There are 2 protein chains.
Amino acid sequence: MMQTPLLLSSFIKRAEQYFPNKLIISRTGENSIHRIPYREFAKRTRKLADALTKLGMVHGTKVGSFAWNHHRHLEAYFGVPGTGAILHMINIRLSPEHIAYVINHAGDEILLVDDNLFPHLEKLAPYLKTVKHYIIMGDSTEIPETSLENVHSYEALLAEASEDFVFPEDLDENTPAGMCYTSATTGNPKGVVYTHRGLVLHSYALGLADAMGLSERDVILPVVPMFHVNAWGMPFAAVFFGTTQVLPGPGLNPKLLLDLIEQEKVTVTAGVPTIWLAVLKEQEESPRDLSSLRAVVSGGSASPKGLIRAFEEKLGVPFIVGYGMTETSPLVSLSVYSSGMTDLTMDEKIDVRALQGMPMPGLEVRIVNEAGDAPWDGKTMGELAIRGPWIASEYYNDERTAEAFRDGWLFTGDIAVMTEFGYLKLMDRTKDLIKSGGEWISSVDLENALMTHEDVFEAAVIAIPHEQWIERPLACVVLKERKVADEEMKQRLLTYLAGQFAKLWVPDDVVFLDEIPKTSVGKFLKASLRNQLTEHYQQV
Amino acid sequence: MMQTPLLLSSFIKRAEQYFPNKLIISRTGENSIHRIPYREFAKRTRKLADALTKLGMVHGTKVGSFAWNHHRHLEAYFGVPGTGAILHMINIRLSPEHIAYVINHAGDEILLVDDNLFPHLEKLAPYLKTVKHYIIMGDSTEIPETSLENVHSYEALLAEASEDFVFPEDLDENTPAGMCYTSATTGNPKGVVYTHRGLVLHSYALGLADAMGLSERDVILPVVPMFHVNAWGMPFAAVFFGTTQVLPGPGLNPKLLLDLIEQEKVTVTAGVPTIWLAVLKEQEESPRDLSSLRAVVSGGSASPKGLIRAFEEKLGVPFIVGYGMTETSPLVSLSVYSSGMTDLTMDEKIDVRALQGMPMPGLEVRIVNEAGDAPWDGKTMGELAIRGPWIASEYYNDERTAEAFRDGWLFTGDIAVMTEFGYLKLMDRTKDLIKSGGEWISSVDLENALMTHEDVFEAAVIAIPHEQWIERPLACVVLKERKVADEEMKQRLLTYLAGQFAKLWVPDDVVFLDEIPKTSVGKFLKASLRNQLTEHYQQV
């Protein structure tokens with residue numbers, strides 16, 4: 001067989017040859033929508049590569065992006081790695097300290113920054129040790145007023161650049177192409193490096209009929225940010241398959257998303273559950289035509305069953321839960337129905353959707369606990385370990401590599417069970433698991449149950465130290481509205497749980513909060529909740 | 001990223017873990033149908049590996065198979081390469097001389113032979129220089145009476161073997177896994193070696209929503225033989241995805257195929273046009289319930305539009321034309337509709353289906369003629385050249401490599417045009433192209449047009465030497481029945497063509513034949529037709 005390497009540059013070539021008129025619909029700000037055919041996109045991508053090369057980008061140079069989802073960010077997705085350089089997609093929601101840390105740690109020499117985000121980054125400039133150039137991504141060729149030197153306009157650079165730049169065809173497929181940092185429980189974020197090979201194989205997986213089935217016929221809307229695990233890899237796959245993509249830009253809100261879905265006839269969209277809860281509320285208040293949608297993909301944290309049911313039953317839109325993490329590129333599994341499930345009742349189908357689904361062809365998973373590999377029985381919990389060609393093998397220049405990567409496997413820190421039919425069910429983070437009297441209690445299971453209660457808006461369950469049981473669960477609940485006295489509501493909720501769980505699992509207490517603290521990507525910040533409430537509890 | 005190699009053994013592991021109860025439905029003879037769950041299949045595959053290892057199979061050993069489509073052949077597809085050895089799938093329809101040649105040339109040390117094919121091979125045994133063991137594949141543990149030594153029963157060997165055999169996980173993904181020989185115009189067949197990497201990537205391509213979309217929910221029936229380019233790779237992909245597969249065994253006929261489709265609720269089937277013509281006739285005479293079918297894939301030679309129309313319009317079954325060859329694993333392209341085609345009329349849609357379709361993601365194609373790369377205009381002909389990770393880079397130990405493999409591309413010997421929308425249209429084999437007065441005339445285009453005429457059963461068009469024009473087309477026609485005098489019919493057919501083609505393209509003459517000679521895989525044997533008719537012509 002030919003030793004043709006798996007390279008991202010082949011995607012651009014393909015899009016240009018086969019799908020020259022298919023569109024990237026890119027929103028760069030209020031009232032600013034660009035409709036860019038792939039033919040034009042491919043040219044601009046080569047121009048970007050030429051412009052950055054003139055600024056000194058060579059094989060292995062780190063180029064950071066600090067940007068929302070739009071066509072210029074997509075151009076960087078290809079124009080940078082196509083040359084053998086590496087695109088570092090910086091999470092704009094990190095704390096300023098962490099933003100400076102990841103830029104310095106990666107060693108970014110060029111930063112591509114959205115015009116509306118530049119003021120934020122400009123303040124950090126004195127702390128950035130390796131950055132030589134700032135390139136402002138905006139519709140204008142002007143650069144904003146700034147005291148910094150070496151600030152360029154993206155569009156001005158492209159106007160000067162050559163569209164005849166040629167991406168090398170002989171790169172090793174294991175060449176790094178991109179990197180993202182993932183937040184750590186303590187300490188600085190940890191870097192994950194993606195290779196061309198990994199991203200190409202991940203793109204194939206996204207196109208499989210048994211996965212997302214991304215196709216030329218689709219119109220995708222990645223709500224998940226492009227700085228968050230490559231927007232789950234969808235922008236890469238979309239260029240490969242000639243899929244129309246809608247990149248929604250800054251200032252995302254449910255109204256805007258629903259408008260885009262309706263106007264652009266979006267077929268597949270993907271994001272975190274928090275977004276879908278808000279979208280659902282907006283759709284109920286002001287219904288749009290969602291008949292084009294064939295799948296809403298939800299991941300990043302557990303999706304409440306009520307949410308799944310609302311999409312599937314009320315809106316008639318398949319709601320597919322997925323699992324992945326920064327270290328896994330991220331697609332590990334999706335809750336797609338398999339052939340044996342056609343005769344399930346609606347309730348049973350929603351139970352399946354709420355699982356994390358079957359791991360992708362090409363990946364291997366294990367459920368590991370103290371006794372070794374757990375049986376696939378839907379009951380025995382263990383830490384989820386994963387292996388495969390789009391799974392990271394290390395954290396970039398980081399001593400914490402040894403904690404997660406052992407014996408050729410990634411130990412995810414997630415506690416899961418595997419059903420008999422091969423679907424993952426996430427039970428908890430190892431650090432959030434409640435160990436009570438020798439038994440493991442899943443906080444996520446309790447949360448999901450609480451969130452199916454009609455009066456509950458959000459719920460988090462955390463471990464509270466306990467003299468006899470070591471740990472006991474405490475329910476932290478945000479109500480939709482305060483209908484009855486707290487004590488009365490607490491009893492109602494505990495009774496509700498008692499009907500569904502073994503006695504040991506039912507929390508000892510419920511506290512009512514105004515909101516649950518969340519991370520920059522919308523996950524419950526349980527560490528902060530634990531600190532806050534442990535204190536609170538001890539005072540009581 | 002982890003350096004996890006792409007290996008076929010991972011497919012078995014996946015099928016066993018995730019799809020233990022999904023079935024391989026295997027017909028090994030009349031009234032002999034086996035229903036084997038993947039759980040059992042995986043065990044038998046490991047037993048086969050153990051048994052063959054005990055017989056001396058090591059890394060790199062060539063093991064030949066001489067067999068129809070059934071579960072034992074599928075076990076060999078995995079049990080042999082899983083260990084690092086190589087399965088050589090021998091085309092049982094080759095001439096005895098060529099069968100002996102390919103076995104000797106490959107250096108097969110072990111032959112896996114169907115019980116009903118053994119008498120055929122036994123006669124060749126004196127000429128086979130490298131074969132040490134014959135293993136008879138049949139339902140019985142008895143071996144047939146034979147004067148040969150070292151003849152074993154497959155089932156008896158498996159009964160003695162261990163199911164605990166472990167496939168190595170650290171094979172290089174570029175390790176050869178299989179080989180097939182392809183017939184040459186002159187001389188001996190040419191060998192193509194498939195690697196694990198190539199077959200894994202090819203399997204991903206088969207699962208793409210924009211390709212065949214093979215899925216766990218499918219029930220596939222590969223009519224194309226497993227000795228003919230890995231049954232187009234479908235058996236490999238089916239194990240990867242947990243697809244139910246129906247392997248139809250020996251003595252294939254249209255009645256049997258239709259019965260299997262109906263009984264097993266087949267969703268996808270694939271084979272050559274000759275088969276589908278016969279199946280269509282049988283279905284019209286004795287209709288079965290074909291409502292489960294979502295695609296009939298047709299390749300190997302051009303599919304007449306009348307055939308496509310009958311399947312699409314009369315039977316309501318999508319009829320997808322594909323292109324590939326032994327050197328390409330074989331999937332190159334499929335005539336799947338893309339998003340811009342939804343508003344086409346039925347006639348236009350059938351025109352699209354008759355094309356060879358869009359090349360797969362991961363492959364690159366060129367149309368090369370004397371002027372260089374031809375434009376994608378649907379008109380300019382050139383030789384089709386292909387590059388990609390599941391395209392062969394050479395013929396195995398063969399000096400003819402240099403003819404086809406040049407500058408990193410496979411030159412296919414097929415003349416094609418590329419439409420503006422990126423669909424291949426095959427015009428001819430380079431050697432069958434008619435070069436008349438400086439113009440290229442496609443024999444395939446003329447044949448397809450003739451075969452849409454209501455009185456024509458089959459038609460081949462060949463070049464006849466001509467003093468002034470160098471070559472001129474001659475139509476060779478098999479009529480459904482002789483309704484009128486030959487001269488009258490000839491005029492009707494020429495008038496029919498004159499309405500569709502430029503004057504220069506219309507053949508000078510039509511000859512009526514009882515049948516058109518075909519190769520072992522059902523393709524027109526034009527070389528033989530040319531010899532036969534050139535003589536005939538010169539005598540007239």
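All values derive from a computational prediction rather than experimental measurement. Each chain gets a letter, A, B and so on, in the order the sequences are listed, and its residues count up from 1. Computed over heavy atoms, backbone and side chain alike; hydrogens, waters and symmetry mates excluded.
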>> Quick check on Gln3(A) against chain B: is it the side chain, the backbone, both or neither that has a heavy atom closer than 4.5 Å?
In response: side chain
> Where on Ser329(A) is there a heavy atom nearer than 4.5 Å to chain B: the side chain, the backbone, both, or neither?
Replying inline: side chain
> Do you know which of Gly242(A), Pro359(A), Gly340(A), Pro176(A) has the most heavy-atom pairs under 4.5 Å to chain B?
Replying inline: Pro359(A)
>> Counting only non-hydrogen atoms closer than 4.5 Å, can you tell me which residues of residues 17-24 of chain B sit against chain A?
In response: Gln17(B), Tyr18(B), Phe19(B), Lys22(B)
>> Non-hydrogen contacts under 4.5 angstrom with chain A: give the residues of residues 234-241 of chain B involved, or none if there are none.
In response: Phe240(B), Phe241(B)
Side chain, backbone, both or neither: which part of [X] has a heavy atom under 4.5 Å from chain A?
X	value
Ser338(B)	both
Ile386(B)	backbone
Asn174(B)	side chain
Arg14(B)	side chain
Thr244(B)	neither
Met418(B)	side chain
Val200(B)	neither
Leu410(B)	both

> So, for Arg197(B) and Leu6(A), which heavy atoms are closest and what is the spacing to 0.1 Å?
Replying inline: NH2-CG, 3.6 Å
> Which atoms form the tightest heavy-atom contact between Ser215(B) and Ala209(A), and what is the distance?
Replying inline: CB-CB, 4.2 Å
Atom pair [atom1] ([X]) and [atom2] ([Y]), whose distance is rounded to the nearest 0.5 Å:
X	Y	atom1	atom2	value
Leu214(B)	Leu208(A)	CG	CG	10.0 Å
Glu364(B)	Thr4(A)	CD	OG1	8.0 Å
Glu216(B)	Met341(A)	CD	CE	8.0 Å

Between [options], which residue shows the highest count of heavy-atom pairs closer than 4.5 Å to chain A?
options	value
Trp376(B), Phe405(B), Phe11(B)	Trp376(B)
Gly388(B), Gly422(B), Ser10(B)	Gly388(B)
Leu7(B), Asp210(B), Leu206(B), Val336(B)	Asp210(B)

> So, Tyr204(B) side chain and Pro361(A) main chain: donor-acceptor pair closer than 3.5 Å or not?
Replying inline: yes
>> Just so I know, are the side chains of Met1(B) and Leu199(A) near enough to count as touching, which here means a heavy-atom distance under 4.5 Å?
In response: no
>> What I'd like to find out is whether the side chain of Thr195(B) reaches to under 4.5 Å of the side chain of Met2(A), using heavy atoms alone.
In response: no
